[in-house]
Amino acid sequence: MWGDLLAATDQAINGTWSIRCDALVARITKITMLIGPADWREVPMTIVENGLYEQIHTHMGVSAPVDHKALARTRAGADELNRRAELSRRQRGL
């Protein structure tokens with residue numbers, strides 16, 4: 001569902017939020033209250049980086065800590081992989 005929320009924010013007419021986002025947050029909230037929060041490492045990185053993951057849990061009163069140092073390392077690794085992939089595409093003339 002977190003991936004669906006990311007897609008919904010990307011597709012929102014205003015570029016940030018929509019009624020669909022509200023509906024997905026309501027579903028995330030219900031499930032979280034039943035089984036607990038999803039680990040931040042299982043949530044799309046953008047949702048965690050932009051603070052939405054923590055904001056939603058704070059609003060619910062649910063503890064869902066994020067290791068921001070680990071998040072930064074993960075982002076750096078992903079950026080490096082993207083950089084290498086782009087370099088490889090350029091070298092192949094794509």
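Everything quoted here is computed from the prediction, not taken from an experiment.
Considering only residues two or more places apart in sequence or on other chains, Arg83 meets the side-chain contact (heavy atoms from CB on, under 4.5 Å) condition with Glu80, Leu87. Residues that satisfy the salt bridge (charged side-chain N to carboxylate O under 4.0 Å, His left out) test with Arg92, not counting sequence neighbours, are absent from this structure. Under the rule for a side-chain hydrogen bond (donor to acceptor under 3.5 Å, both in side chains), the partners of Thr16 that lie at least two apart in sequence or sit in another chain are Asn14. Partners of Trp40 under the ring pair (Phe, Tyr, Trp, His ring centres under 6.0 Å) rule, at least two apart in sequence or in another chain, do not exist in this structure.
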What donor-acceptor contacts under 3.5 angstrom involve side-chain atoms of residues 42-50, with partners at least two apart or in another chain?
| residue | atom | partner | partner atom | Å |
| --- | --- | --- | --- | --- |
| Glu49 | OE1 | Arg75 | NE | 3.4 |
| Glu49 | OE1 | Arg75 | NH2 | 2.9 |
| Glu49 | OE2 | Arg75 | NE | 2.8 |
| Asn50 | OD1 | Leu52 | N | 2.9 |
| Asn50 | ND2 | Thr46 | O | 3.3 |

Check residues 26-36 and write down every donor-acceptor pair under 3.5 Å in which the side-chain atom is one partner and the other belongs to a residue at least two apart or another chain.
| residue | atom | partner | partner atom | Å |
| --- | --- | --- | --- | --- |
| Thr29 | OG1 | Val25 | O | 2.8 |
| Thr32 | OG1 | Ile28 | O | 2.7 |

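Note that CG of Leu6 is 9.5 Å distant from CD of Gln11, once rounded to the nearest 0.5 Å.
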- Message: Walk me through whether Gln55 and His59 qualify under side chain to side chain contact (heavy atoms under 4.5 Å, CB included).
- Response: CA-CA 6 Å; Gln55 181 182 2; His59 182 70; 5.8 Å; no

- Message: I'd like to know whether Met1 forms a side chain to side chain contact (heavy atoms under 4.5 Å, CB included) with Leu5, so could you lay out the CA-CA distance, the side-chain angles of the two residues, the decisive distance to 0.1 Å, and finally the verdict.
- Response: CA-CA 6 Å; Met1 254 185 291; Leu5 180 58; over 6 Å; no

- Message: As a quick check of understanding, evaluate side chain to side chain contact (heavy atoms under 4.5 Å, CB included) for His68 and Glu54, giving each step before the final call.
- Response: CA-CA 11 Å; His68 290 280; Glu54 289 176 293; 3.4 Å; yes

- Kindly indicate, with the supporting measurements, whether the criterion salt bridge (Lys or Arg N to Asp or Glu O under 4.0 Å) is fulfilled by Asp39 and Arg41. CA-CA 5 Å; Asp39 187 285; Arg41 291 170 287 239; 2.7 Å; yes

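A side-chain donor-acceptor contact under 3.5 Å links Tyr53 to the backbone of Ala38.
The aromatic rings of His57 and Trp2 sit parallel to each other, their planes meeting at less than 30°, with 60° as the upper class boundary.
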